[in-house]
2 protein chains.
Amino acid sequence: MVSTASPSGELPAKSKRADAVRNQQTLLTAAAAVFVTSGVDAPIREIATRAGVGMGTIYRHFPTRADLVVAVYRHQVEACAEAGPALLAATDSPFEAFRQWVDLFVDFLVTKHGLANAMQSDSSGFAALHAYFLDRLGPVCVRMLDAAVEAGEVTPGIQAYELMRGIGNLCAGRDGDPRYDPRTLVALLLRGLRPD
Amino acid sequence: MVSTASPSGELPAKSKRADAVRNQQTLLTAAAAVFVTSGVDAPIREIATRAGVGMGTIYRHFPTRADLVVAVYRHQVEACAEAGPALLAATDSPFEAFRQWVDLFVDFLVTKHGLANAMQSDSSGFAALHAYFLDRLGPVCVRMLDAAVEAGEVTPGIQAYELMRGIGNLCAGRDGDPRYDPRTLVALLLRGLRPD
DNA sequence: TGACAAAGCGGAACGACGTTCCGTATCGTA
DNA sequence: TACGATACGGAACGTCGTTCCGCTTTGTCA
């Protein structure tokens, strides 16, 4: 499970040594850089080397791989989560708002090398990653979907959880294949939500 | 790339030593059994042990992991491929035939522990697996989709390749989650294919 | 039938990786 | 400045994929 003890990545809660906070920042920066070039499942050693720290340091700050990934992308996930209600308020059609929100989500996933793949991986410390995304974004999705259903723009009976996972899954796979555009498939999926 | 030299898994082409053919069969049986319990990415050693052979033997018969997986599932993939034209001929509505064919495909994927995951994995020797499935099943999909479009039952402009990958992706992910049923999502996707 | 070359076999060995653990260095404080 | 707490580095261990080579089995030919 992703460490819930502290909002790691944000303001240090209390009494942490100076070098510790410094290292945590260094690690986040290094990890972000490495994720771009080598994907989120890059070797731990690579991140450690890049940050100029030992491997023990990584494990102390981020016990599981998911903790590190979550910390790196926390801001963007947060932004996405907050965009939901905003879109809902700013748009006449709840479905259209939902469509735009999904676009945001998809953009996020496809621009992060291998993130979508990692989320469905059963192994490693990636299980927690899956949980984090769904915990944070799931409720937003529920709310938007409900609104769309209530407005008669979406067939009732669809589970938000299932839908989110479906969208996530569609964004996974070998990236860079010009013959496969996740957006096309997601659009098709959303089309299937419409009532007759 | 999956070895195309011989139709490995079927009739031995020519002049193979008796122990070699025997081992190849033993390996296929052992691999099939291991795949069921440990998934298609089970350790090579586990398969070797189960078959009672050395690891060199595995690599000689099946140079890449994909070669082994393909050999194990060849019959089922073949059956799926052949079911396409049959369904098309036996059903009035090409779309309905397609729907049933997709059901077959999905059933195959979800019953094989981790197969769908493996197919989108970028690493290992799994890249060839992806290619094999698409090469064999792709043309069938094209044909069925064309028929459905021609009958006015499906919106034109959808690429069969993209659709197959989408379906495959939807079947991937942590298996055994009661909250996620790939069939629901695939049904939604197919719904999105219908014209207004 | 008895050898001999080719074909195949087994598993040791190597490198990459995740993860743990502990002796040492650094920090904050009294 | 001295000392305990905190954090650090990286060696070490286990797992896994993959290669390589000395040994065994097989088929054949005299």
Side-chain angles (χ1 to χ4, degrees), chain A residues 1 3 5-6 8 12-28 30-31 34-35 37-69 114 118 121-129, chain B residues 1 3 5-6 8 12-28 30-31 34-35 37-69 114 118 121-129:
Chain A
M1 185 59 62
S3 64
S6 86
S8 82
K14 203 177 284 187
S15 72
K16 283 241 267 179
R17 256 173 59 171
D19 54 350
V21 258
R22 201 186 324 132
N23 270 328
Q24 179 142 334
Q25 276 313 314
T26 309
L27 270 174
L28 282 176
V34 170
F35 286 171
T37 63
S38 308
V40 291
D41 47 5
I44 297 284
R45 270 173 247 262
E46 186 178 342
I47 301 170
T49 304
R50 173 87 169 224
V53 305
M55 288 169 309
T57 304
I58 280 202
Y59 280 99
R60 194 166 320 100
H61 286 289
F62 307 100
T64 77
R65 211 195 198 72
D67 286 302
L68 182 53
V69 178
S121 156
D122 214 350
S123 59
S124 298
F126 277 141
L129 184 61
Chain B
M1 185 58 63
S3 65
S6 88
S8 85
K14 205 176 283 190
S15 71
K16 283 246 260 172
R17 259 172 57 168
D19 54 349
V21 237
R22 202 185 324 128
N23 270 327
Q24 177 141 334
Q25 275 313 313
T26 309
L27 271 173
L28 282 177
V34 170
F35 286 172
T37 63
S38 309
V40 291
D41 47 5
I44 297 285
R45 271 174 246 261
E46 188 178 341
I47 302 170
T49 304
R50 174 87 169 223
V53 305
M55 289 169 310
T57 304
I58 280 203
Y59 280 100
R60 195 167 319 100
H61 287 289
F62 307 100
T64 78
R65 210 193 199 75
D67 286 301
L68 183 53
V69 178
S121 154
D122 214 351
S123 59
S124 299
F126 276 141
L129 184 61

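Residue numbers start from 1 in every chain, and the chains themselves are labelled A, B, ... in the order their sequence lines are given, proteins ahead of strands.
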Next item on the list: Describe the nucleic acid contact of A/R65 in one word from base, sugar-phosphate, nothing, applying a heavy-atom distance below 4.0 Å.
Entry: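 If one applies the 4.0 Å heavy-atom cut-off, A/R65 turns out to touch the sugar-phosphate alone, with no base involved.
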[X] [atom1] - [N] [atom2] separation (whole Å):
X: B/R17; N: C/dA6; atom1: CZ; atom2: C1'; answer: 8 Å
X: B/Q25; N: C/dG8; atom1: CD; atom2: P; answer: 15 Å
X: A/E46; N: C/dC17; atom1: CD; atom2: C1'; answer: 12 Å
X: A/F62; N: D/dC8; atom1: CZ; atom2: P; answer: 11 Å
X: A/F126; N: C/dG18; atom1: CZ; atom2: P; answer: 9 Å
X: B/I47; N: D/dC16; atom1: CD1; atom2: C1'; answer: 12 Å
X: A/K16; N: D/dC8; atom1: NZ; atom2: P; answer: 9 Å

Is [X] near enough to [N] that one of its side-chain N or O atoms lies under 4.0 angstrom from OP1 or OP2?
X: A/T57; N: D/dG9; result: yes
X: B/H61; N: C/dC9; result: yes
X: B/N23; N: C/dC9; result: yes

From [options], pick the nucleotide closest to the side chain of [X]?
X: B/I44; options: C/dC17, D/dT18, C/dA7; answer: D/dT18
X: B/D19; options: C/dG18, D/dC8, D/dT25; answer: D/dT25
X: B/M55; options: C/dG8, D/dA7, C/dA12; answer: C/dA12

Next item on the list: Name the residue closer to the 5' end of DNA chain C, choosing between A/A42 and A/R22 according to the nucleotide with the nearest heavy atom.
Entry: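 The residue whose closest nucleotide sits nearer the 5' end is A/A42.
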Margin query: How long is the straight-line distance from CD of A/Q25 back to NE2 of A/H61, given to the nearest 0.5 Å?
Written below: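 The CD atom of A/Q25 is 10.0 Å from NE2 of A/H61, to the nearest 0.5 Å.
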Notebook entry, point to check: In Å, rounded to the nearest 0.5 Å, how long is the span from CD1 of A/I47 to CZ of A/R50?
Noted result: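 Separation between the atoms: 10.0 Å.
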Item checked: Test item: B/I44 and B/F62 side chains (from C-beta on) under 4.5 Å apart, heavy atoms ->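 SC-SC contact between B/I44 and B/F62 ruled out.
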Check: Which atom names give the shortest non-hydrogen contact between A/A118 and A/F126, and what distance separates them?
Finding: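 The pair with the smallest heavy-atom distance is O-CB, 3.5 Å.
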Notebook entry, point to check: How close do A/G114 and A/V40 get, heavy atom to heavy atom, and via which atoms?
Noted result: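 The answer is O-CG2, 3.6 Å.
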Check: Toward the 5' end of DNA chain D, which comes first, A/R60 or A/R45, by nearest nucleotide?
Finding: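 By nearest-heavy-atom nucleotide position, the 5'-most residue is A/R60.
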